[in-house]
Amino acid sequence: MPRIEFDNVSKRYAPSSAAVENLSLTIEDGSFLCVLGPSGCGKSSTLRMLAGLESITEGEIRVDGKRYNELKAQSRDFAMVFENYALYPHLDVYGNLAMPLAARKMPRQEIARRVEEIANTLQISDQLRKKPRQLSGGQRQRVGLGRAIIRDTRTFLMDEPLGHLEAYLRQQLRTEIRRLHEELGATTFYITHDQEEAAAISDRIAVMSEGRLQQTGDLLTLLDNPVNRFVAEFIGNLPISILPASIASNAASPELSVGDARIPFSERRASEIADSTRVAAGRLEAGVRPDAVTLHEESARHRLPLRVSVVEPVGDMAVIVADGPAGRLRAAVPSDSAPSPGNSVHAEFDASRILLFDGDGRNILRKT
Amino acid sequence: MKYFREKRRIAFAMISPSILVIVAINIFPILFAVYISLHLWSFGRGVPRFAGFLNYEELYYDGRFGDAVLTSAKFVFFAVLLEFVVGFALAFLFNVKVRGMATLRQIAVLPIMVMPIVAGLVWFYMFNENFGVINWLITLLGSEKVGFLTDLDVALFSIVLADAWQWTPFVMLVMFAALQSLPEYVYEAAKMDGLNAWQTFWRVTIPMLRPSIMIVILLRIVDSFKMIELVFMMTQGGPAGRTEVLPWYLYVTGFQALDLGFAAAMAVSMLILVTIFTQLFLSRVGIGNDNK
Amino acid sequence: MHFENKQSWIKKAAAMAVAGAVSSIAVAPASAEGVLNGETIRILAIGDPVFQVMQRIHGDLEEMAGGTIELDVRGFDVLRQQVLLNAQNDVSNYDLISVDLPQFGEYKGFLVDLAGYVESSGMDWQDFHEAAWTGAYHDQMQLGIPIQPHPEIFAYRVDLFEEAGLEPPRTTEQVLAAAKALHGSKDGLSGICWNGARGTPLGQTITMVMGSHGLPVIAMDAIEGGFDLGNVRPENMHPQMESDTASEMAAYLMELMKFSPPGILNMAWDERVRVFAQGGCAMTYIWSGRSAIYELDEDAEARGKVSYLPHPAGPNGLNVSTLGGWFLSIPDNLPEDRRDLAWSVTEWLTSPEMMAEYTKHGNCVAPRHSVSVDEEVVARCPVIPFVDAMATNGEIAGWQRPPVPEIQQIFDILGAEFHEALAGAESPEDALKEAQRQLDRTMRRAGYY
């Protein structure tokens, strides 16, 4: 079973602009890796280089230690699932499913058996004589999946396979994809821009931005211990608030000032900051996730005074958007205790969950 | 009810001009041809006499008509075959993304713009045994002259060649457009499915081009069946009738001998032949047939 | 009105022509007294040399005529359709139409008898070649005036014949002997060029060569020195393609094939003359007017080396060349008030001066004796005195191509069927038999018998 390595891989479509830059990444055998990133971040190019659909400008892709750069897509033995399904429009479902087997000159009877088996697995047995254009999106992607798993490959490349589907179908199919991954013991390289999907389906998430790999890890790591401000902002259901901050180093005990709030720091965290050579650069920003904020009516030294602008109900929670001289803050509070727009509130931060970014956006509190 | 009747009347009034135009342009000439074909009708020789199916009867026994049908069939078969194979290959060639290909492509389609009658004249002189460039080159290379337009076994193919010269670019153009419109993702899917180039061509490209292929072949069949200019300019049906296609025989009887009744009977038969053929072709090969 | 003037003018001109003084159109009347006098004449014409010359010098012509000349020049088939359609109009769209000699049979029902005009205008009709003049004489009516009638004659290269010590060929036997001797004797030299192309070209060859073997293709009445083309009745319509004469004709053409240039099966009209002009063959059948192609071309190999004979005679045939070519006629649906003008223009266009003028521009045809002795005309067109002599000797006739309405079908059937024999796809006997069968069917279909 394959172990896939990206070793300093770059992709340039034009000499000056890199779609992917110095990407190094390893996908362990049998794991499910999700590459997550906004559109244009280079995740598709990465997958297409691995598939053999795009050439590699620099670096090396190795599978089980073997250089794959020059290997034709046909010879790489990866199965791929496409965002737009990429079914053969002239063939019915049977023909689409049978294609990878026919390409390998498998006997007709064997093909028929396999197609039936796969169609059963994916619950499309009654669609076999239909053309792709007669199918719904979900059915089409089931065929796309079937076509990928019908042959004996154990490596799957999936390029936003659920991107064009409705929400309930996405949920249904991602469960199925994960199930297939488990059952087949496959190695899966999956691309999405949907973090919830990525979290639900994968073992490990690789976040990419502007052609560079930012961080890999599971969702919790990415949420609580992001490598930089981009990851912090990109990951998380509710957007993180970023506020200017500074360290009050002259105080008796270390304090972090965010706007008018003076937040005491534990000794340990303070020393981490002190260790960071970056602090000298001056500008600091604090990142606070909405669920690390509580709102109070009374003011306090460590609370930040704000005025509520908008209240967005989200189920039994409400997102309070409040503004102050330091900037805008989002806080998630139970609906029943939500303030109204125009109210004055005082925000208190969970000091242990405050993230601090230096001038280059690096998380200086990152635990390694 | 009254409202709907009124509406229908308006609708009919609105479409009636187009119906009239269709009747005038499409239906009337055909009916008139049928009418003429039932008469002994010769230009400038008194009034037409009703003759029932006499013209058709004579047509049935006219060996020259049968020969012309066969010659037409041969011509259509070879011309369309050559045009399709070469045009298709050229379309692939021109699909390669190389600098200057667009210009080359534009040059390649120039023959389409030439009037067929001019093409006939040009090829007549190219193939001519006394003044022709091609035979001049052949003798320069030390070979015997070829009777391009006079050899019993060659003449029809010379016409086929001239027709192919003019219309292969048309096939090329249509197939090129069809190729360009094929979605890239299907080829990526084919690569990922492990199809080699040969398999991709036969299992993906050809089937997806099929509707365009059928349309271009049908167009070329119908069009080459009507070809007359090349024969008119190049051989006038010779040698020994080997290039006498149906339209030329029709021209000879209708416009030279001015035997309008007989010629009309021929035209009507030709129309029936073409219609039957195209209907068969369409139903057999099934354009837009979903469940095939 | 202009009548006196014209008559005296013509006489004067004719006299001058005989004296060899007609050298330029400058002697023609100035526009003020031109024949059109500001009017417009509409002519339906054929795309043959004489009308092409008129197109070329159209501006000069209009100046001479003092009016507008509308020349509607058409190809052969279209012209015929146009003439027949025009005949069905209440009022003709044309003042004058051009008629090919064999077409008089088909057209005679709707052409004006010009005999009265000829007489009243004092046209010197005896100046015309007899065969040309009588070619338009049908049912006691003069239906047209010759403007470009010329015979299909026989041209041979004097230089090559002398070099080889050959006699000028007056019989088909001599033609074949000479062709055999000369064929291939020089690089690229063939024996003889002729119309071998399928359809009308070969059909015409067959009718003419059959004529020089002694019979027309249909059973016309024999008369003194030929056949009666002025009086063809239904019983004359029987085809004669299974006659001994037809077999002799067929044998001769099959022999010719051996000494013909490459591409003979597709050779027609001007191509045979061009091949002859560039020295590709030693002899050719040729419409005499087309000799201009090499006589007026300084680069032509054959220029100045050609002599002319009437069609060589078959074993039982005559040395008789076929007259063809064009006449001017007035359609009978032309209103009376335009006929005088139409006649005046006809008279002018067929005048000796104009005929001499046409020769300057590549039309080597002069169906008038007076023009045929004009030295300058002869210098330009050496063929003209030969034709004139043939006309005087009665070696030109029109009956070979019978003026019947079915003439085009005859050409087509003969030219299609016998091509099978020439191409070797069928025996000559079978080809003749099939041609006979089809011609017979055609005549029956037309209701002659």
Side-chain angles (χ1 to χ4, degrees), chain B residues 40 42-47 49 51 54-55 58 61-64 67-68 124-125 127-132 135 138-139 144-155 158 231-244 248-249 251-262, chain C residues 76-78 80-81 83-88 106-107 109-110 188 190 193 196-202 261-268 271-272 274-275 278 280-281 405-413 415-426 431 434 437-438 441-442 445-447:
Chain B
L40 281 175
S42 210
F43 238 1
R45 245 170 289 170
V47 286
R49 286 179 285 148
L54 179 68
N55 286 317
E58 296 210 350
Y61 290 109
D62 183 23
R64 207 169 147 184
D67 289 347
F124 171 77
Y125 277 113
F127 282 139
N128 188 293
E129 280 159 81
N130 293 298
F131 310 106
N135 265 316
I138 287 175
T139 49
E144 286 283 300
K145 282 183 176 178
V146 177
F148 287 109
L149 303 178
T150 54
D151 190 308
L152 287 176
D153 302 319
V154 175
S158 301
V231 168
F232 176 70
M233 294 310 293
M234 292 167 70
T235 60
Q236 308 241 326
R242 295 299 162 93
T243 63
E244 184 164 270
W248 174 249
Y249 186 36
Y251 179 82
V252 169
T253 51
F255 296 92
Q256 288 188 340
L258 299 182
D259 193 345
L260 296 190
F262 190 69
Chain C
F76 188 90
D77 295 335
V78 177
R80 176 149 162 265
Q81 291 155 28
V83 167
L84 292 170
L85 282 174
N86 184 54
Q88 291 173 7
E106 187 173 10
Y107 297 171
F110 53 79
S190 297
C193 288
R198 187 171 187 265
T200 309
L202 178 60
I264 185 66
L265 285 175
N266 209 22
M267 186 174 276
E271 190 189 340
R272 59 180 174 179
R274 293 220 155 82
V275 174
Q278 67 174 25
C281 44
E406 285 73 24
I407 186 66
Q408 188 57 41
Q409 272 155 297
I410 292 175
F411 291 153
D412 178 55
I413 289 169
E417 285 312 317
F418 204 69
H419 208 252
E420 305 269 340
L422 294 185
E426 208 173 88
E434 176 62 18
R437 194 187 65 76
Q438 288 188 26
R441 192 189 68 178
T442 302
R445 210 172 135 78

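Naming: A, B, ... by sequence-line order, numbering from 1 per chain.
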Self-check item: chain B contacts, top residue of C:Val78, C:Leu422, C:Asp412 (heavy-atom pairs, under 4.5 Å)
Solution: C:Asp412
Practice problem: Give the member of B:Lys145, B:Glu58, B:Arg242 that has the highest number of heavy-atom pairs under 4.5 Å with chain C. | Solution: B:Glu58
Quiz item: So what's closer than 4.5 Å to chain C heavy atoms on B:Asn135: side chain, backbone, both or neither?
Solution: neither
Quiz prompt | Heavy-atom pairs under 4.5 Å with chain C, option from B:Leu54, B:Thr139, B:Thr253, B:Val252 with the top count | solution = B:Val252
Quiz item: Are there more than 12 heavy atoms of other residues, nucleotides or ligands under 6.0 Å from atom CZ of C:Phe76?
Solution: yes
Practice problem: Output the distance between atom CD (B:Glu129) and atom CG (C:Leu265), rounded to the nearest 0.5 Å. | Solution: 8.0 Å
Exercise. Can you tell which part of C:Ala87 gets under 4.5 Å to a heavy atom of chain B, answering side chain, backbone, both or neither?
Key: neither
Practice problem: Please look at C:Ser190 and chain B and tell me whether the side chain, the backbone, both or neither of the residue comes under 4.5 angstrom of a heavy atom of that chain. | Solution: neither
Quiz item: Contact part of B:Phe127 toward chain C, heavy-atom cut-off under 4.5 Å: side chain, backbone, both or neither?
Solution: neither
Quiz prompt | Considering all heavy atoms, the nearest B:Ala240-C:His419 contact | solution = N-ND1, 2.7 Å
Practice problem: Tell me, for C:Gln278 versus chain B, whether the close heavy atoms (under 4.5 Å) come from the side chain, the backbone, both or neither. | Solution: side chain
Quiz item: Which heavy atom of C:Gly263 sits nearest a heavy atom of B:Thr150, and at what distance?
Solution: CA-CG2, 3.7 Å
Exercise. Heavy atoms only: give me the nearest B:Tyr251-C:Asp77 pair and the separation to one decimal.
Key: OH-OD2, 3.0 Å
Exercise. Kindly indicate whether the side chain of B:Phe131, heavy atoms from C-beta on, has any atom under 4.5 Å from the side chain of C:Val275.
Key: yes
Quiz item: Is there a donor-acceptor contact under 3.5 Å from the side chain of B:Gln256 to the main chain of C:Gln408?
Solution: no
Exercise. Answer yes or no: is there a side-chain heavy-atom contact under 4.5 Å between B:Asn130 and C:Arg274?
Key: no
Practice problem: Could I get the full list of ring pair (Phe, Tyr, Trp, His ring centres under 6.0 Å) partners for C:Tyr107, not counting sequence neighbours? | Solution: C:Phe110
Quiz item: Backbone N or O of B:Met234 within a donor-acceptor pair of the C:Asn266 side chain at under 3.5 Å?
Solution: yes
Quiz item: What part of B:Phe148 lies closer than 4.5 angstrom to a heavy atom of chain C: side chain, backbone, both or neither?
Solution: neither
Quiz item: Hey, which of C:Pro261, C:Pro262, C:Ala425, C:Gly196 has the most heavy atom pairs under 4.5 Å with chain B?
Solution: C:Pro262
Practice problem: Check each atom of C:Arg441 against the heavy atoms of chain B and say whether the ones under 4.5 Å are side chain, backbone, both or neither. | Solution: side chain
Self-check item: Between CZ on residue C:Arg198 and CD on residue B:Glu244, distance to nearest 0.5 Å
Solution: 3.5 Å
Self-check item: Exercise: identify the closest heavy-atom pair between C:Glu420 and B:Gly241
Solution: OE2-N, 4.1 Å
